[in-house]
Visitor: 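The structure follows.
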Amino acid sequence: MTTEQSASGSPRPDAAGNADAAGKAGTAGKADAAGKADAAMAASGKMAASGKKEAETRASDKTDATGKIGASGKADATGEAGAAGTAGAEGAAGDGGKAATGKAGDGSGKAEDGKPDRWEAFASAPEPVPSRLGRATRAVGRLLVHEWTLASLASLALAVLLTWPTLRYPRHTLPQDYWDPSLQAWQMAWSGHILLTNPAQLWQSNTFFPEPWSFAFSDTLLGYAPAGMLGTGPEAAVLRYNIMFVLAHALATLGAYALARQLGAGRIGSAVAGVSFAYAPWLLAQAGHLHVISNGGIPLALAMLARGHGWSLRHGYRPERRHDGWVYTGWLVAAWQLSLGFGIGLPFAYFLAGTVLVAAVTWFLRRWVVRPVKRPFGRRLLIADLVGGLLFAGVGALLAIPFFTVAEAHPNAKRSIGDIAIYSPPASGFFTAPAESRVWGGLHEGARALLPWHPEMTLLPGFVLYALAAGGLFFSVWKLRHRLLLLAGVVVTMVLAMGTRFFDGTFTYVPLFEYLPGWNGLRTPGRLMLWTTLLLGLLAAGAVSAFATRVREISAERIPSWPSPWLRLATLLPLVLVVGEGLNSTPHPVVPPQPAAMRTVDGPLLVLPSNQSLDQPVMLWSTTRFQDVVNGGSGFTPRQLDDVRRVTLSFPDQVSVDYLRVLGVRNVLLMRDHIAGTPWEITVDAPVDGLGITREELGDVVVYRL
């Protein structure tokens, strides 16, 4: 027990339990006349005493008057307080200024009688309060090791590796060839340029002059317009294309992974689904078609919509997991995917329409017929679907208007059943790999030679994927009815991908071609293999996930409960094999350099020679100034451009010069390095006297000014 120094210098017991730590009265201090101890003196553990009776009496009287020592209920425990740092002292003071009772607070570390708590050493240490910097560091650390962060980084790293050497010389080479990629590099550049300068002229591009609506002559990749706002000129356009090419593969991997995870597959199984979807061997033949490679928005949108509705394949409908924010985001991603092109976006739109129809029928049955449930999907979710669905439909309608306008103005742009038959693959195409496959390309050279148009008919999704999907029919985390539904989807999409090769398509592809709006614009049914690949990947994910679950069960039975290295390696083997089948030998040719004349000569202009292959690089060269050019390449050739190519075979002569003047052409560029074997090889140096035009040499280009 501690003591308190009296005025006469003799110690007396302190009933309040708040003794001076030193037990001695300081000779230099003076007692407060109001009876309140100075806070700084109390912290040092010393109480002053003046030795004057009057001060003690006054303090005693003050104590008696209030009846309480420390109105705040907190007294400094002279450094002995615990985490609370306070000791509550209360009680009534007796005669002579003595405190009657005292209780030590929990923070003093003493029992009620004032003795130290012997059990305090066994108490758990208080949790330290982290600083703001510490909290921020922990949050960043949790973000970096989060599953979706790791999945995104892994998808990006894998995309760089499996598309190599796309990023080796990204400003000078293009994957597969420089024809269609040049066109698509121009598309991104044009959309970004015109949306910054004159958005109202979006569909009136600078190519195919003087044709209107020329931007709608092929799929537009309009969703990549923000990227097109960065940089100018052909090198920037090529760099932009290569970056988006790699990112498209990464998004496809991540999107399919997210869909498989949402449906209930494990991490390794979902990784198999993601890699098989993005790097299926048949897609290697589509390396020159960015609008086909850019398919990651399809599984990603489906994953978000399923997440928002609280639905998964493995666990069914769970209302507590509903979230309308994911529904809105899913519809936005779906609309963005549609803006990249109708080639793969149109089947996606019809799939969503069918899903909405099934969901509406299910809602009606749950609401009114089968065990009625009040608002089975929730009002907010219903509103989100209505708003999101209207947004998606609105984007589709706005994008479709220019294409329907072009189809009316150019009847030759419409496809026929005969066109579909040319690109319809036989059943052997499902087991034939393209030449760009590093694993199977050389082995399947003979099989490809038997295909009439092998770039669109080599549809092998991967033999490993076939095997894993077949195993998923018998051993899987999916229920049997779900496996059968996935199998039915695989069969249906394969039959549709065959176009007219399956009993002439009479009951399969032809009805879609004739009755579904826009379907007659799809000339390559083999690209429906995209859906087959996704469904096969989900079947494979179920099998691999079940295998990984079984490995964990075996490891739990082991002592110690940890799988052997061989078991851990076995769970990764399917993923390694799928990655191996996705290795490519895609060529990366150098893009023809831009002639200096394209940077200086004004439009409207015509570049000769002109044909589908040469005009696509011309479109790319025009990205420096975006001057009007007669040249252009697309899915069809306008009749006017056909006439220009036919009439200008004799250029320069009076007939061709007059014809071009009527069109509004002011300059003609004739490229010497492309005229071998053409009529211009003879006429390039012919005199132009009497034609009313001038002739000028700019490097390897002859410029005729009309």
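From a predicted model like this one, the values you see are computed outputs, not experimental measurements.
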Visitor: Please check this pair: side chain of Trp478 against backbone of Leu538, looking for a donor-acceptor N/O pair closer than 3.5 Å.
Guide: yes
Visitor: Work out which heavy atom in His291 is nearest to a heavy atom in Ile344; give both atom names and the distance.
Guide: O-CD1, 3.4 Å
Visitor: What I'd like to find out is whether the side chain of Leu539 reaches to under 4.5 Å of the side chain of Ser476, using heavy atoms alone.
Guide: no
Visitor: Are side-chain heavy atoms of Tyr509 and Leu522 found at a separation under 4.5 Å?
Guide: yes
Visitor: Could you go through the ring-ring contact (aromatic ring centres under 6.0 Å, His included) check for Tyr466 and Phe431 one step at a time?
Guide: CA-CA 10 Å; Tyr466 276 143; Phe431 303 95; 5.5 Å; yes
Visitor: Under 4.0 Å between a side-chain nitrogen and a carboxylate oxygen: does that hold for Arg523 and Asp419?
Guide: no
Visitor: Would you say the side chain of Leu247 lies within less than 4.5 Å of the side chain of Leu156, judging by non-hydrogen atoms?
Guide: yes
Visitor: Using atom types as modelled and distance alone, determine if a side-chain donor or acceptor of Arg483 lies under 3.5 Å from a backbone N or O of Leu473.
Guide: yes
Visitor: Please tell me whether Ser218 and Ser634 have a donor and an acceptor in their side chains that are separated by less than 3.5 angstrom.
Guide: no
Visitor: Does Asn242 form a side chain to side chain contact (heavy atoms under 4.5 Å, CB included) with Tyr169? I'd like the steps, not just the answer.
Guide: CA-CA 9 Å; Asn242 285 321; Tyr169 304 108; over 6 Å; no
Visitor: Between atom CD of Gln337 and atom CZ of Phe392, what is the distance when rounded to the nearest 0.5 Å?
Guide: 9.0 Å
Visitor: Applying side chain to side chain contact (heavy atoms under 4.5 Å, CB included) to Leu459 and Thr432, what does each step give before you reach the verdict?
Guide: CA-CA 6 Å; Leu459 302 179; Thr432 306; over 6 Å; no
Visitor: Between Phe351 and Trp531, does the ring-ring contact (aromatic ring centres under 6.0 Å, His included) criterion hold? Intermediate values first, please.
Guide: CA-CA 10 Å; Phe351 176 82; Trp531 293 90; 4.9 Å; yes
Visitor: Does Leu450 form a side chain to side chain contact (heavy atoms under 4.5 Å, CB included) with Ser428? I'd like the steps, not just the answer.
Guide: CA-CA 9 Å; Leu450 301 177; Ser428 61; over 6 Å; no
Visitor: To the nearest 0.5 Å, tell me how far Leu338 CG sits from Phe348 CZ.
Guide: 8.5 Å
Visitor: Of all the heavy-atom pairs spanning Thr500 and Ala421, show the shortest one and how long it is.
Guide: OG1-CA, 3.3 Å
Visitor: Considering all heavy atoms of both residues, which atom of Leu150 and which atom of Leu144 are nearest to each other, and what is their separation?
Guide: CD2-O, 3.6 Å
Visitor: In Å, rounded to the nearest 0.5 Å, how long is the span from CZ of Arg142 to OG1 of Thr149?
Guide: 12.0 Å
Visitor: Are side-chain N/O atoms of Glu147 and Tyr257 paired as donor and acceptor at under 3.5 Å?
Guide: yes
Visitor: What distance separates Met457 CE from Ser424 OG, expressed to the nearest 0.5 Å?
Guide: 6.5 Å
Visitor: Tell me if the aromatic rings of Phe403 and Phe342 count as close, with their centers under 6.0 Å from one another.
Guide: yes
Visitor: Start with the C-alpha distance between Glu456 and Gln286, add both sets of side-chain angles, then the distance that settles side chain to side chain donor-acceptor pair (under 3.5 Å), and finish with yes or no.
Guide: CA-CA 8 Å; Glu456 297 290 348; Gln286 304 293 330; 3.1 Å; yes
Visitor: Is there a side-chain contact between Leu534 and Leu259 in this structure, where contact means two heavy atoms from C-beta onward sitting under 4.5 Å apart?
Guide: yes
Visitor: Can you tell me how far CG of Leu283 sits from CG of Asn295, rounded to the nearest 0.5 angstrom?
Guide: 6.5 Å
Visitor: Before giving the answer on side chain to side chain contact (heavy atoms under 4.5 Å, CB included), spell out for Trp164 and Leu583 the whole-Å C-alpha distance, their side-chain angles and the decisive distance to 0.1 Å.
Guide: CA-CA 10 Å; Trp164 192 260; Leu583 296 177; over 6 Å; no
Visitor: Return yes if a side-chain donor-acceptor contact under 3.5 Å exists between Gln262 and Trp311, otherwise no.
Guide: no
Visitor: Check whether any side-chain N or O of Ser270 sits under 3.5 Å from a backbone N or O of Arg261 as a donor-acceptor pair, and report yes or no.
Guide: yes
Visitor: Any side-chain heavy atom of His309 within less than 4.5 Å of one from Asp385?
Guide: yes
Visitor: So, for Thr253 and Ser155, which heavy atoms are closest and what is the spacing to 0.1 Å?
Guide: CG2-OG, 3.7 Å
Visitor: Do Thr533 and Trp282 have side-chain atoms, one donor and one acceptor, less than 3.5 Å apart?
Guide: yes
Visitor: Nearest 0.5 angstrom please: His249 NE2 to Phe277 CZ, how far?
Guide: 11.0 Å
Visitor: Can any side-chain N or O of Ser312 pair as donor or acceptor with the backbone N or O of Gly264 at less than 3.5 Å?
Guide: no
Visitor: Do any N or O atoms from the side chain of Arg550 and from the backbone of Ile554 form a donor-acceptor pair under 3.5 angstrom?
Guide: no
Visitor: If we count only N and O atoms by modelled type, under 3.5 Å, do the side chains of Thr586 and Asn584 hold a donor and an acceptor together?
Guide: yes
Visitor: Assess, by modelled atom type and distance only, whether the side chains of Thr524 and Arg527 contain a donor and an acceptor separated by less than 3.5 Å.
Guide: yes
Visitor: Any sub-3.5 Å donor-acceptor pair from Glu581's side-chain atoms to Pro281's backbone N or O?
Guide: no
Visitor: For a side chain to side chain contact (heavy atoms under 4.5 Å, CB included) with Met188, tell me which candidate from Leu290, Thr220, Leu222 qualifies.
Guide: Leu290
Visitor: Quick test of your reading of the model: are Arg448 and Glu445 salt-bridged, counting only N-O distances below 4.0 Å?
Guide: no
Visitor: Regarding Asp219 and His289, is there a side-chain donor-to-acceptor distance under 3.5 Å anywhere?
Guide: no
Visitor: Just by distance, do the side chain of Thr173 and the backbone of Pro170 share a donor-acceptor pair under 3.5 Å?
Guide: no
Visitor: Do Phe547 and Pro574 have side chains that get closer than 4.5 Å, going by heavy atoms?
Guide: no
Visitor: Within the distance-only criterion (no hydrogens, no angle test), does the side chain of Ser276 pair as donor or acceptor with the backbone N or O of Ala273 below 3.5 angstrom?
Guide: yes
Visitor: Please test Thr493 against Thr532 for side chain to side chain donor-acceptor pair (under 3.5 Å), starting from the C-alpha separation and ending with a verdict.
Guide: CA-CA 6 Å; Thr493 53; Thr532 306; 2.7 Å; yes
Visitor: Does Trp326 offer a backbone N or O that forms a donor-acceptor pair with the side chain of Arg307 under 3.5 Å?
Guide: no
Visitor: Just wondering, do Leu528 and Pro347 contact through their side chains at under 4.5 Å, heavy atoms?
Guide: yes
Visitor: Answer yes if the side chains of Thr166 and His588 hold a donor-acceptor pair under 3.5 Å, and no otherwise.
Guide: yes
Visitor: Can you find a pair of side-chain heavy atoms, one from Thr508 and one from Phe513, that are under 4.5 Å apart?
Guide: no
Visitor: What's the shortest heavy-atom distance between Leu284 and Gln176, and which atoms?
Guide: O-NE2, 3.7 Å
Visitor: Will you find, in the side chains of Ser294 and Tyr224, an N or O donor that is under 3.5 Å from an N or O acceptor?
Guide: yes
Visitor: Would you say Ser545's side chain and Gly266's backbone share a donor-acceptor pair under 3.5 angstrom?
Guide: yes
